[in-house]
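For reference, the structure discussed in these notes is given below.
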Amino acid sequence: MPELPEVETIKRDLTKMILGKKITEVRVNNPMVIREPSPAAFKRSLEGLTIKNILRRGKLLILELSNGQALTIHLKMTGQLVYPGKAKNSRVAFHLTGGKVLDFNDQRLFGELRLISDWKKLKFVQGLGPEPFDLTLADFKDMLSKKKTKIKPLLMDQGFVAGIGNLYASEILFRAKINPERPGQSLAGKEKETLYREIKEVLSSAIKHGGSSIDDYVRLSGKRGDYVRFHQVYGREGKPCVTCGGPVKKITQGGRGTYFCLKCQR
DNA sequence: AATGGGACCTGCGCGC
DNA sequence: TGCGCGCAGGTCCCAT
């Protein structure tokens with residue numbers, strides 16, 4: 001579910017709502033989502049710690065704690081954080097000072113919670129490419145020139161650039177008017193510049209609107225993200241292209257659905 | 001290096 | 001109404 005804009009939205013909501021609070025109790029309702037340490041040690045170690053800092057790297061949320069450790073949360077496809085939560089149907093419930101509960105919900109159980117001493121040493125983090133907002137145009141051009149991979153799966157490759165997923169990859173390429181099947185290195189200088197601009201534009205606009213709620217994603221408050229109304233191609237197979245009126249096409253790339261306009265994206 | 005497939009899970013909507 | 005299939009904002013692992 002959540003890509004960079006959704007995770008960033010949750011990060012900002014969390015910062016407002018729970019930064020500085022103490023975790024008074026942890027209830028593990030489904031131990032499957034706890035990857036390390038053991039669910040019992042996870043619970044025991046977390047109780048009593050205070051949330052000192054809240055960060056995001058790619059699609060990963062990081063809560064730095066008063067003992068120097070970090071709680072990392074990857075929402076994968078259907079993970080949600082809700083505060084104040086209901087502590088019902090949640091996979092893990094974090095009780096905080098003040099009596100309210102932060103719920104980690106996750107229908108498909110792909111989500112991953114970890115309590116670790118140094119989040120920067122996580123294999124997943126080590127493999128991440130640059131944050132889109134830290135990326136310079138010169139570096140981006142250079143990175144593209146080395147890649148034969150099709151541009152859409154390339155944008156989704158977390159080792160290339162961190163944070164872009166299936167939905168925003170389609171939206172970004174539509175706005176940049178680039179065909180998703182083009183090899184990365186085939187883009188002209190001008191196209192690379194446009195793509196670079198649209199990555200930042202689409203992601204920042206999506207953050208501004210609280211992300212995209214399609215099925216599961218909700219903000220910390222439980223409210224829906226509002227960016228769906230700005231979507232131009234994602235999920236619009238067969239519907240008219242907002243630019244030319246032709247039908248939006250859907251193809252499969254790397255097992256994921258790609259939406260685009262054959263006429264507008266070259 | 002690039003690409004394709006399957007795996008991890010649950011639940012929804014669709015066609016029959 | 002019920003069943004089977006395909007599909008879903010992610011990532012990892014293995015094969016070619």
Side-chain angles (χ1 to χ4, degrees), chain A residues 1-11 29-36 56-61 72-81 89-92 104-114 122-129 132 143-174 180-186 199 202-203 205-207 209-219 224-238 250-259:
Chain A
M1 125 184 141
E3 307 181 26
L4 187 152
E6 288 74 35
V7 180
E8 177 65 22
T9 298
I10 293 171
K11 182 213 133 177
N29 302 313
N30 192 320
M32 205 183 309
V33 297
I34 295 167
R35 302 310 169 106
E36 64 178 302
R56 176 192 60 75
R57 177 76 172 95
K59 301 170 192 170
L60 187 71
L61 272 172
T72 65
I73 303 173
H74 200 306
L75 301 171
K76 294 288 182 84
M77 296 288 261
T78 53
Q80 300 176 327
L81 286 173
N89 302 322
S90 79
R91 308 304 191 180
V92 179
F104 174 71
N105 305 323
D106 188 6
Q107 178 192 114
R108 290 174 75 179
L109 297 171
F110 287 169
E112 300 186 349
L113 306 187
R114 294 188 152 80
L122 271 183
K123 200 167 134 201
F124 173 78
V125 173
Q126 296 273 316
L128 290 176
M143 287 157 55
L144 275 175
S145 68
K146 294 176 185 137
K147 295 290 188 178
K148 294 189 169 131
T149 317
K150 291 171 180 172
I151 187 65
K152 197 264 191 169
L154 183 60
L155 286 180
M156 290 174 63
D157 178 352
Q158 301 303 294
F160 183 71
V161 171
I164 302 172
N166 200 41
L167 188 160
Y168 292 105
S170 281
E171 291 298 321
I172 288 165
L173 287 170
F174 176 79
E181 304 234 72
R182 296 265 304 277
Q185 61 181 199
S186 76
I199 288 172
V202 168
L203 296 180
S205 175
I207 292 168
H209 293 279
S212 303
S213 287
I214 307 279
D215 290 324
D216 297 271
Y217 165 72
V218 288
R219 302 179 59 152
R224 298 170 66 78
D226 201 26
Y227 191 68
V228 186
R229 62 192 170 94
F230 298 95
H231 291 184
Q232 306 201 317
V233 282
Y234 185 82
R236 298 192 62 245
E237 183 184 11
K250 182 184 183 188
I251 59 173
T252 299
Q253 291 180 299
R256 318 298 304 280
T258 297
Y259 298 87

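Here is how names work: the chains are called A, B, and so on, in the same order as the sequence lines, proteins then strands, and each is numbered from 1.
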Exercise for the section: Give D215(A) one of three labels, base, sugar-phosphate or nothing, depending on what nucleic acid heavy atoms sit under 4.0 Å from its own. Expected result: base
Fill in the blank from the handout: When rounded to whole Å, the CZ to C1' distance for the pair R256(A) and dC7(C) reads 11 Å
Fill in the blank from the handout: Rounded to the nearest 0.5 angstrom, the CG-CG distance for N29(A) and D106(A) is 12.5 Å
Problem - Inter-nucleotide P distance (dC9(B), dC3(C)), Å rounded - result: 24 Å
Exercise for the section: Could you work out the separation of dT11(C) and dG11(B) based on their P atoms and round it to a whole Å? Expected result: 22 Å
Problem - Below 4.0 Å: OP1/OP2 of dC12(C) and any side-chain N or O of K76(A) - result: no
Exercise for the section: Give me the ring orientation class for H209(A) and F230(A): parallel if the planes are under 30° apart, tilted from 30 to 60°, perpendicular past 60°. Expected result: tilted
Completion exercise
Separation of dA2(B) atom C1' from D157(A) atom CG, nearest Å, is 11 Å
Practice task
Would you indicate which nucleotide in dT3(B), dT11(C), dA2(B) comes nearest to any side-chain atom of K147(A)?
Solution key: dA2(B)
Handout entry: Any donor-acceptor N or O pair under 3.5 Å, side chains Y168(A), E6(A)
Key = yes
Practice task
Check every atom of dG10(C), dC9(B), dC7(C) against the side chain of K250(A) and return the nucleotide holding the closest atom.
Solution key: dC7(C)
Exercise for the section: In whole angstrom, give the distance that lies between atom CD of E181(A) and atom C1' of dT3(B). Expected result: 12 Å
Exercise for the section: Flag as yes if F110(A) stacks onto the base of dC8(B) (centroids under 5.5 Å, planes under 30°), otherwise no. Expected result: yes
Fill in the blank from the handout: Syn within 90° of 0, anti beyond: dG9(C) is syn
Problem - Candidates dG9(C), dC13(C), dA2(B) - which lies nearest the side chain of Y217(A) - result: dG9(C)
Handout entry: Non-hydrogen side-chain atoms of F104(A) and I34(A) separated by less than 4.5 Å
Key = no
Practice task
Report which part of the nucleic acid T149(A) touches: base, sugar-phosphate, or nothing (heavy-atom distance under 4.0 Å, all strands).
Solution key: sugar-phosphate
Handout entry: Listed nucleotide nearest any side-chain atom of H74(A), set dG9(C), dT11(C), dC13(C)
Key = dT11(C)
Exercise for the section: Report the distance from atom CG of L75(A) to atom P of dC9(B), rounded to the nearest whole Å. Expected result: 18 Å
Exercise for the section: For Y168(A), report the nucleic acid contact type (base, sugar-phosphate, nothing); a contact means any heavy atom under 4.0 Å. Expected result: nothing
Handout entry: Whole-Å gap separating P (dG10(C)) and CZ (R108(A))
Key = 10 Å
Problem - P gap between dA7(B) and dC5(C), integer Å - result: 15 Å
Fill in the blank from the handout: Any strand, both distances under 3.5 Å, Watson-Crick or G-U wobble: dG4(B) pairs with dC14(C)
Handout entry: Whole-Å gap separating P (dG9(C)) and CD (Q107(A))
Key = 13 Å
Exercise for the section: Give me the ring orientation class for Y259(A) and Y234(A): parallel if the planes are under 30° apart, tilted from 30 to 60°, perpendicular past 60°. Expected result: perpendicular
Exercise for the section: Provide, to the nearest angstrom, the distance between the CG atom belonging to L154(A) and the C1' atom belonging to dG4(B). Expected result: 17 Å
Exercise for the section: Could you give the distance separating dA1(B) and dG10(C) at their P atoms, to the nearest angstrom? Expected result: 24 Å
Exercise for the section: Ignoring backbone atoms, test whether K59(A) places a side-chain nitrogen or oxygen under 4.0 Å from the OP1 or OP2 oxygen of dG10(C). Expected result: yes
Exercise for the section: Before giving the answer on side chain to side chain contact (heavy atoms under 4.5 Å, CB included), spell out for F124(A) and H74(A) the whole-Å C-alpha distance, their side-chain angles and the decisive distance to 0.1 Å. Expected result: CA-CA 10 Å; F124(A) 173 78; H74(A) 200 306; 3.7 Å; yes
Practice task
May I ask you to say what Q158(A) touches in the nucleic acid, namely base, sugar-phosphate or nothing, with a heavy-atom cut-off under 4.0 Å?
Solution key: sugar-phosphate
Exercise for the section: Mind calculating the distance between CD1 (I151(A)) and C1' (dA2(B)) to the nearest angstrom? Expected result: 14 Å
Problem - dT10(B) to dT1(C) separation - C1' atoms, rounded to the nearest Å - result: 22 Å
Completion exercise
Answer for the Watson-Crick or wobble partner of dT1(C), both distances under 3.5 Å, is none
Practice task
Kindly give the heavy-atom pair with the smallest separation between P2(A) and V7(A), and that separation in Å.
Solution key: CB-CG2, 4.0 Å
